[in-house]
Number of protein chains: 2
Amino acid sequence: MPRREEPDIPEARLIPEATVARLPLYYRALLEIADQSIGTVSSEQLAELAGVNAAKVRKDLSHLGSYGTRGVGYDVEHLVGEVSRELGLTRDWPVAILGLGNLGRALANYRGFGARGFRIVALVDADPDKVGQAVGDLTIEPVEALSSIVAQRRVAIGVIATPAPAAQAVADRLVAAGVASILNFAPTVVVVPPEVTLRKVDLATELQILSFYQQHRRRVPDRARV
Amino acid sequence: MPRREEPDIPEARLIPEATVARLPLYYRALLEIADQSIGTVSSEQLAELAGVNAAKVRKDLSHLGSYGTRGVGYDVEHLVGEVSRELGLTRDWPVAILGLGNLGRALANYRGFGARGFRIVALVDADPDKVGQAVGDLTIEPVEALSSIVAQRRVAIGVIATPAPAAQAVADRLVAAGVASILNFAPTVVVVPPEVTLRKVDLATELQILSFYQQHRRRVPDRARV
DNA sequence: CAGCGCTTGTGACCGCGTGCACAAGCGCGG
DNA sequence: CCGCGCTTGTGCACGCGGTCACAAGCGCTG
Ligand SMILES: NC(=O)c1ccc[n+]([C@@H]2O[C@H](COP(=O)([O-])OP(=O)(O)OC[C@H]3O[C@@H](n4cnc5c(N)ncnc54)[C@H](O)[C@@H]3O)[C@@H](O)[C@H]2O)c1
Ligand SMILES: NC(=O)c1ccc[n+]([C@@H]2O[C@H](COP(=O)([O-])OP(=O)(O)OC[C@H]3O[C@@H](n4cnc5c(N)ncnc54)[C@H](O)[C@@H]3O)[C@@H](O)[C@H]2O)c1
C-alpha cells in the first residue's frame, strides 16, 4: 500500500488515486455527450461511454460532491465544469518538450495536444545542429536556456523525449528550474524529489506486457482493458 | 476487483497482474547489470535499479520460482533468462502499425522498438496518398490488405495510431484478422472481445493527471511515481 | 565442523479499490 | 397530493497488493 505521509494535514476533500486516473475518461465521455446537446446523463450511460462500471462512476463522482439528481442523472454541463475544475483544466498549463527527435517532433506537431489547456511553449534540445530549427510555430532552443525559459514562460509541465541516458540529467534540470510535473517517455527509471510528480509512458513495457499475456494466452483481467 | 473467470482451469503458475507489470522493469535493470559483467545481484540492488521496494522484488521473483540463493542473491544471467522466458521475449513478435501520421511515423522510425523481439513487419494506412510511401525499410500498405498481411506475416500485435474516430473500426479489423494483442494510442474507448488483450497509452489522460496533482499540490502517492 | 553474517522466501497484517445491493430521494403522472 | 418508477449515493464485504519482519538456508571463515 502506498505510504500516506503528512497525516497531520487535514486535506479537506481527498480524491482516491484510482478515481483521479478515471476522471479524464469521464471528462472525454462528457464532452462527447455535450456535443450532442444532451442535457443529463445517467451513471449507466456514462459508464458505457467511459468503459467502466456504473457503480464506480457514481462513487467516483460522489467524491467531487453530490452533483447528481436521483431519478434523473447528472447535468452534463455542470458535471463537465466540476470535472474540469477538479482536473485543473480551467487553467492554462504551459508545457516544454525536451528532446526533439522522432518522438519529440511528433508530440510537437500533435494538434490535439493543446486542445484542453495544455499549450506547448518551448522545445529544447542539446544538439547544436537542432537548435534554431523551426518545428511548427516554435524554434528549438538550447538546454542551457531551460532555466530562464521555465521562469519566463511559467512552464508547469516538462515532457522528456530524450534518449534514456540523458533522461535523469534533463529531469534534474527541470526540477532545478522549478518544474513540478514531469512526463517521461524515456525507458529508464528517473528519480525526482517527493514534491515533484513524475509519470512515465513506456512503450517497451506495454509491449512486453502484451507479449506476456499473448504467450500465456489467458484472458487479461478487466482492469488492464479499456 | 477484477473478475477472475475460468475458475475451473487449473492454471499452474499464475502470476499476479501487478507483478507482470513490473517484470519489464526488472528485465531492463537486469540487462544493465549484465552489461557490467556482474554475476549476482541482491533484491536490494535490483530494487534500487528498478525503482521499487526490495520486498516486492523478492515476492515478484518468487512467483517465477525460487531462483535466488540465500546469503548470495540472484544469478543475473539465469534470472535474465527466466524473466525473458516468462515475458515471452525469447520469441519473435511481428508488429503492425496502423495509421502513419505523426505518431505512427515516429514509432516506425523508432530503433529501440525492435530491440527485444518486437519486429515491425507492416505499416497500414487508409489514406490512398500515403499508401506506397516508404518509411524506413517498409512501404505503407492499404487497410484492405490487412487481413492477408496479418495471416501471411503472422502479425501478433497491432499498434493503433489512427485518429480517435477510426480506432474502433481498425481494432475490429485487427480482431477479425486474428490479432489478439492491441496497443491503442488513440484517445478513445475501444471495445474488444474478452480473449483479446487491449492496452492503451493516453497522452491526454497522463497530462490531466499531472494537472490534477499540480493543482492540488500535494505529494503524489508512491505508486504513481517511477 | 561450528558459528556467523547475509539474503532469500514467505507468513501475517492491513488498507485500498471494487462491486453488490439497497435505502434514500427526486420528479412526474394521475 | 399521493404513489410509482427511476437513479443516485453509500454501507458492506471481499480480495488483491503492499509492507514488515523473521525464520530458513547458504556460504565463508576460523
Ligand atoms: N520514437 C518513438 O516512437 C519512441 C517511442 C517510445 C519511446 N521513445 C523514447 O523516447 C525517447 C526519444 O526517442 P526518439 O526516437 O525521439 O529519439 P531520437 O534519438 O530521435 O531523439 C532524441 C533527441 O533528444 C536530444 N537530446 C539528447 N540528449 C539531450 C539532452 N541532454 N537534453 C535535451 N535533448 C537531448 C537529441 O539531440 C535528439 O534530438 C527515447 O528515450 C526513446 O526510447 C521513443
Ligand atoms: N502525434 C502525437 O504525438 C500523439 C500523441 C499521443 C496520441 N496521439 C494519438 O495518436 C493518433 C495519431 O496521431 P497523429 O498525430 O499521428 O495523427 P495524424 O492525423 O497525423 O495521423 C493519423 C493517420 O491515420 C490514418 N488513418 C485514418 N483513418 C485510418 C484507418 N481507418 N485505418 C488506417 N489508417 C487510418 C491517416 O491517414 C493518418 O495517416 C491520434 O489518435 C492521436 O490522438 C498522437
Side-chain angles (χ1 to χ4, degrees), chain A residues 1-5 7 11 13-23 25-26 30 33 38-76 78-79 82 220-225, chain B residues 1-5 7 11 13-23 25-26 33 38-76 78-79 82 220-226:
Chain A
M1 133 208 83
R3 200 171 355 187
R4 303 278 174 189
E5 295 189 355
E11 194 70 54
R13 202 183 35 216
L14 69 126
I15 297 179
E17 185 196 351
T19 296
V20 173
R22 281 188 296 267
L23 286 181
L25 297 183
Y26 302 147
L30 285 168
I33 296 170
I38 296 173
T40 60
V41 63
S42 72
S43 60
E44 197 78 46
Q45 296 169 304
L46 195 47
E48 169 75 18
L49 282 164
V52 301
N53 171 303
K56 213 180 310 196
V57 170
R58 291 198 295 274
K59 193 160 281 185
D60 284 341
L61 295 183
S62 76
H63 285 118
L64 311 186
S66 293
Y67 297 129
T69 305
R70 292 165 193 236
V72 178
Y74 300 88
D75 182 90
V76 175
H78 185 240
L79 198 53
E82 291 301 330
V220 69
D222 286 356
R223 200 184 320 164
R225 294 166 49 220
Chain B
M1 133 208 82
R3 201 171 354 183
R4 303 277 176 190
E5 296 189 355
E11 194 70 53
R13 202 181 36 215
L14 71 126
I15 298 179
E17 185 195 352
T19 296
V20 173
R22 280 187 297 267
L23 286 182
L25 296 182
Y26 302 147
I33 295 171
I38 297 172
T40 60
V41 63
S42 72
S43 60
E44 197 78 46
Q45 296 169 304
L46 195 47
E48 168 76 17
L49 282 164
V52 300
N53 170 304
K56 213 180 308 193
V57 170
R58 291 198 294 276
K59 191 158 281 187
D60 284 342
L61 295 183
S62 76
H63 285 118
L64 311 186
S66 292
Y67 298 128
T69 305
R70 293 165 192 237
V72 179
Y74 300 88
D75 181 273
V76 176
H78 184 241
L79 199 53
E82 292 301 331
V220 68
D222 286 356
R223 199 185 320 166
R225 294 168 47 222
V226 177

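Throughout, a chain's letter reflects where its sequence line sits, starting with A, and its residues are numbered from 1. Values below: every heavy atom of this structure, side chains too, minus hydrogens, waters and symmetry copies.
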Problem - Atom-pair distance (NZ on B:Lys59; P on C:dA12), nearest Å - result: 11 Å
Problem - Residues A:Leu64, A:Ile15; criterion side-chain contact (heavy atoms from CB on, under 4.5 Å); working and verdict - result: CA-CA 8 Å; A:Leu64 311 186; A:Ile15 297 179; 3.6 Å; yes
Handout entry: Interatomic distance, A:Leu64 CG vs D:dT8 P [rounded to whole Å]
Key = 14 Å
Exercise for the section: Applying side-chain contact (heavy atoms from CB on, under 4.5 Å), run through B:Leu46 and B:Leu61 and close with a yes or a no. Expected result: CA-CA 11 Å; B:Leu46 195 47; B:Leu61 295 183; 4.0 Å; yes
Problem - Residue-phosphate contact under 4.0 Å: B:Tyr74 side-chain N/O, C:dG9 OP1/OP2 - result: yes
Completion exercise
In this structure, OH of B:Tyr26 is separated from NZ of B:Lys56 (nearest 0.5 Å) by 7.0 Å
Problem - Separation of atom CG in B:Asp75 from atom C1' in D:dG27, rounded to whole Å - result: 15 Å
Practice task
Determine whether more than 12 heavy atoms belonging to other residues, nucleotides or ligands lie under 6.0 Å from atom CD of B:Glu48.
Solution key: no
Exercise for the section: Let me know the distance between NE2 of A:His63 and C1' of C:dC16, rounded to the nearest Å. Expected result: 11 Å
Nucleotide N/O of nucleotides 28-30 of chain D paired with protein N/O under 3.5 Å:
none

Problem - Rounded distance (Å) that lies between atom C1' of D:dC16 and atom CG of B:Asp60 - result: 13 Å
Handout entry: Distance (rounded to the nearest 0.5 Å) between B:Ser62 OG and B:Tyr67 OH
Key = 11.0 Å
Practice task
With rounding to the nearest 0.5 Å, note down the distance linking CG in A:Leu30 to CD in A:Glu82.
Solution key: 11.5 Å
Completion exercise
Correct closest heavy-atom pair for B:His78 and B:Asp75 would be N-OD1, 2.9 Å
Completion exercise
In B/S/- notation (B base, S sugar-phosphate only, - none; protein heavy atoms under 4.0 Å), nucleotides 22-30 of chain C written 5' to 3' is --BBBS---
Practice task
Provide, to the nearest angstrom, the distance between the CZ atom belonging to A:Arg22 and the C1' atom belonging to C:dG17.
Solution key: 8 Å
Fill in the blank from the handout: Rounded to whole Å, the CD-P distance (B:Glu17 to D:dG17) equals 7 Å
Exercise for the section: Taking salt bridge (Lys or Arg N to Asp or Glu O under 4.0 Å) as the test, write out the residues that go with B:Arg58, two or more places apart. Expected result: none
Handout entry: Of B:Val57, B:Val52, B:Asn53, the residue whose pairing with B:Ser43 passes side chain to side chain contact (heavy atoms under 4.5 Å, CB included)
Key = B:Val57
Exercise for the section: Give the rounded distance in Å between these two atoms: CD of A:Glu44 and C1' of D:dC6. Expected result: 12 Å
Practice task
Taking only the side-chain nitrogens and oxygens of B:Lys56, find out if one of them lies under 4.0 Å from OP1 or OP2 of D:dT19.
Solution key: yes
